Structure formats: structure tokens, C-alpha cells
Protein chains: 2
Amino acid sequence: MAAALRVLDAEGMDGLSMRRVGEELGTGAASIYWHVRNKEQLLQLVFERVIEEAKLPEPDPWRWQEQLRVFADQMRAVLKSHRDVARLTLGRVPSGPALAVVSEWLFTLLTPVGIPDQVIAYLGDLFGLYVGAFTFEESLGTASFTGTDLSPEQFFTMLKDYLLSLPEDRFPHTRGAVDVLFGGSRDDRYAFGIDLMLRGLESYATKAPR
Amino acid sequence: MAAALRVLDAEGMDGLSMRRVGEELGTGAASIYWHVRNKEQLLQLVFERVIEEAKLPEPDPWRWQEQLRVFADQMRAVLKSHRDVARLTLGRVPSGPALAVVSEWLFTLLTPVGIPDQVIAYLGDLFGLYVGAFTFEESLGTASFTGTDLSPEQFFTMLKDYLLSLPEDRFPHTRGAVDVLFGGSRDDRYAFGIDLMLRGLESYATKAPR
DNA sequence: CGAGCTTATCGAACGATGTTCTATGAGGAA
DNA sequence: TTCCTCATAGAACATCGTTCGATAAGCTCG
């Protein structure tokens, strides 16, 4: 059932209509409503289905930072492996089982180094939010953008030129740092966010794992 | 022009149709397309209009952490002050002027404490992403949720019960921490994210401001 | 004055969407 | 055979973003 939807997801999210799904199944559009209450529910099923693809390594508290990094990369890779699934993450809570597994994984990884339970709990949320939001923007990507019909490259060079045209006395730093503002790959930006959170987490880690 | 849209934004985003906007203006729906190319562009205008409401304090590097915190709270407050505007932030780049102002503010605030330019640049992105994503979820809030027609309270207590029904040997931490997982106000969760980033930033701050 | 241009609006229509309703079968159990 | 469930089909509804052509109102310029 939800399997035929993956086929659809592989051809994009806009244009994922009920009729299109029905066509994919060889049935009509209305037939779907027997299996599923809403389109919303259908999307939720797709979402959960994809989330379950993530595999977690055996938690090793001695290398908790590295493992969190791997976890973050994993999640992003999974979300990006299916077209537009990233757009479904925000505001969705993963299905019960997946939630439990990730939660337990985080606790067994981080409790031994002295990080408080409350911090771990919030961190799970935060991680999910970050990877969700980042891949979300990545998924929107270069689409439509600002309502103008400029290509993303055009748009960015325009913005760049604008920043360079700023009065030098009022925007000295920004003018000088325009290259560093727009430079950097997406991977770098993603890694930076994870890194910043990890650095923050270190200030909570009091013990060495025993 | 964009003024009449704020009135509409005050009555929700679903149901913000071109026809409704036209009605608000006392004109038809098609008339809008003379002023604006797309609905996308119209939303962009609304977004920029709202972003400009944010006021930044005079940057004071001696209290950079406190000021970043109030900045974050400011942004969230602004995004929440207009219904559903939060849903527009993700994937959007603020209009040129606003971008320049915020960027300059960040540089003058953080450069004096020794934080590298590259970090500041990425941080601007990250902050925007975080506040955008958080308010986004807040805006979706309790709507529709998982495709089921349960109220959010019902949903959460169900999820809670599920976690408590887990086998104790395989999910010891999660079972024990179920209250801390679901406890905590939204404000607390938001503050935690900001806090974690600030703690991470501290590890970049090498100098005391002079 | 009036011709022509820009500015702005209007109504009708098109195609597409999510969803509902009702009718209609297929397949097994009684 | 009869009945019940599982599943599908088609038609229709309301709504949406968008396009098109016609139509004025207000201005400038000859």
C-alpha cells in the first residue's frame, strides 16, 4: 500500500495528488480514502516509513561526539534520499517505535558522560528540528525563491552586489565579509550547526564514561 | 497595498486566498496580479514587511550572550505576533536591507570577542533557521497533526502510554524519563536551543572585548 | 478639445486539487 | 443462495491559483 507511494515520491511532491497515487495503484483516486482518512494521514505514513530507514550504530559513550555527528549525517542522508520527504518532517512527531529507539539511543549514549536527562530530552527535539529544518530548506532549494523569476545564481549575485553597494561607514563588517557570508558549501553549513551544538553539549558533559 | 494583507494575515493563513485578499481591498481577485506576479511574491512581501518590525538594541560586546538571547526572543515574538507568518520564513532570504542590518549587528557584536568571521556568518544563518523552524512548528501547532482526528492532548497521552508500555529491559532510560521527555514549556524548549548554541559559541570567544 | 497611453479593475473561465457520496462489484461464510 | 465485508469506480462539489480580454479613470501632449 504505502509502497506504491514511494514510487510517487520518487517523482516529486508537487504533483503528488490523490489522483496520481490512484493511477499508480491502478485504481481510482477515491479508492484511497478507504485505506486512509486524509491526505495528511497518507503523508504521515510515508514519513514514518522513511524515518524507519535510519540505522543507528551501537552507542559508544567514549566517542559520543563522533557518534552524534554520524547520526546527524545519517538523518540528513535518509531525508535527502527520498525526494521532498524533508518537507514532511517539520511539525511531525515520528511514529512511536522510531521515537522510542532514538530516545533510548540518545540516553544510553549521553547519560554515561554526565549529561542531565532534561538536556538529553530537549536535545532529541532540537536535533530533530535542526535536521528537519535544514533538509527542508534544502528541499525547497532553488525553487521559486522570492516570487521573482530569477535563477538562484542571479538572485545571489544580485544580493551580493547590493551588499557591496552599501555605504562603507555604516556597514563596514558586512561589506568586507560578503565573500565569507555567501561562501561555504551546504555540507559545511550543516556541519557547523551540528558542531556548535556539540560544543555546547560538551559544557554539560561532566564525567568521563566508566 | 501590502497593508491590506496584514488584515488578512490576522485571520489566518489557510483561507488566505487571492479572492479573499481582493475582497479585503474592495477589488476583485484578478486585480492583484497587476501589482504582483505571483502569490509567492505576495507572501514574500508580507514576510519582508513583518521582518522589518524587529528592532535591534545597540550592540554591546560585553554582554553579547544576553543580547543574542534578547535578539532571539525578539525574532520569535515578531514572528508570533502575526498569525502564521512563521510558515513563510523557511527557505526565504530576508530582504536586502534587513539582511544587511542584522549581519552588521552580529559582526559588531561578536567580532570584538574574537569570534571568527566565518563563524559569525554561519551563525546568522543558523539563528535564522532555528527561530524560523521553531516558530514554524509552533505555528502548525496542534493542527491536524498526524492525520488522525485526535486532539493533541489525546495524542500525547497516547504516545506517553505507548512509551510506558515498552519492555523495560530494552528501553530502561526512555521509560524512566517519559515525564521529562514530554515536560517543559515551549518557552523552555526554545530557550534551551538558544542556550546550547550560546554555550557552543563561548568556545569560539577568545578575547575579552576592549 | 481630444487622441493616446499608463494605471487599475472586473468578470468569466480554465485546469487542478482534496474530499464526499452513492452505486457497484468480488469473495468468502452462513 | 444469501448476506456481509472489503474494495473500487465515477460523478460531483467547493475551492484554489492563474490567465485572458474588455473596460474604464486619469493623465499628458499635440
Side-chain angles (χ1 to χ4, degrees), chain A residues 1-49 83-85 87-92 139-150, chain B residues 1-49 83-85 87-88 90-92 139-151:
Chain A
M1 180 60 207
L5 315 184
R6 200 63 11 70
V7 192
L8 254 181
D9 187 77
E11 26 174 315
M13 164 123 200
D14 304 330
L16 188 161
S17 54
M18 291 289 126
R19 291 166 172 79
R20 187 69 193 77
V21 176
E23 179 184 338
E24 190 73 28
L25 286 166
T27 80
S31 308
I32 309 176
Y33 286 83
W34 191 92
H35 302 267
V36 131
R37 194 185 308 262
N38 268 345
K39 180 177 189 179
E40 184 61 31
Q41 188 176 96
L42 190 152
L43 294 180
Q44 173 77 17
L45 290 179
V46 174
F47 168 66
E48 296 180 357
R49 170 57 220 284
R83 170 116 87 112
D84 289 343
V85 185
R87 296 198 215 176
L88 306 177
T89 61
L90 259 359
R92 282 204 165 74
S139 166
L140 291 183
T142 66
S144 70
F145 243 101
T146 54
T148 66
D149 50 357
L150 279 63
Chain B
M1 180 62 205
L5 314 185
R6 198 63 13 69
V7 191
L8 255 182
D9 187 79
E11 26 174 314
M13 165 121 199
D14 304 330
L16 188 161
S17 54
M18 291 289 127
R19 291 167 172 76
R20 187 71 192 75
V21 176
E23 181 184 336
E24 189 74 27
L25 286 166
T27 81
S31 310
I32 309 176
Y33 286 84
W34 190 92
H35 303 267
V36 133
R37 193 184 310 260
N38 268 343
K39 181 178 189 181
E40 183 62 29
Q41 188 175 98
L42 190 153
L43 295 179
Q44 172 77 17
L45 290 179
V46 173
F47 168 65
E48 296 181 357
R49 170 57 217 285
R83 169 116 88 112
D84 289 342
V85 183
R87 296 198 213 176
L88 306 177
L90 259 357
R92 281 204 167 74
S139 167
L140 290 185
T142 65
S144 68
F145 243 102
T146 54
T148 66
D149 51 358
L150 279 64
S151 85

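It should be emphasised that the depicted structure is a prediction, and the values quoted were computed from it without experimental measurement.
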* Between A:W34 (CH2) and C:dT19 (C1'), how many Å, whole number? -> 18 Å
* Once you round it to whole Å, what is the distance between P of C:dT9 and CD1 of B:I32? -> 10 Å
* **B:R19 CZ - C:dG11 P separation (whole Å)** => 12 Å
* Cationic N near anionic O, under 4.0 Å, B:D14 to B:R87 -> yes
* Reckon A:G22 touches a base, only the sugar-phosphate, or nothing at all at heavy-atom distances under 4.0 Å? -> nothing
* Grab the CG-P distance between A:L25 and D:dT8 for me, whole Å please. => 8 Å
* Asked: Mind checking whether B:M13 and B:V85 have side chains closer than 4.5 Å, heavy atoms only?
  -> no
* Any A:S31 side-chain nitrogen or oxygen under 4.0 Å from OP1 or OP2 of D:dA7 -> no
* To do: State plainly whether the residues A:E24 and A:R19 are in salt-bridge range, i.e. N to O under 4.0 Å.
  => no
* To do: Answer yes or no: is there a side-chain heavy-atom contact under 4.5 Å between B:L42 and B:H35?
  => no
* Do A:Q44 and A:E40 have a side chain donor and acceptor closer than 3.5 Å? -> no
* Structure fact -> Whole-Å distance, B:M13 CE to D:dC16 C1', equals 13 Å
* Given C:dG18, is OP1 or OP2 found less than 4.0 Å from the side-chain N or O atoms of A:N38? -> no
* Asked: Quick one: is B:H35 getting a side-chain N or O under 4.0 Å of the C:dT9 phosphate, OP1 or OP2?
  -> yes
* To do: Please state how far atom CE in A:M18 lies from atom P in D:dC16, giving the value in whole angstrom units.
  => 19 Å
* Asked: Under 4.0 Å between a side-chain N or O of A:T27 and OP1 or OP2 of D:dA9?
  -> yes
* Structure fact -> Taken to the nearest whole Å, CG/A:L42 to C1'/C:dT19 is 14 Å
* Whole-Å distance separating the CD atom of B:E23 from the P atom of C:dG11 -> 12 Å
* A:G15 vs B:G26, nearer the 5' end of DNA chain C by closest nucleotide -> B:G26
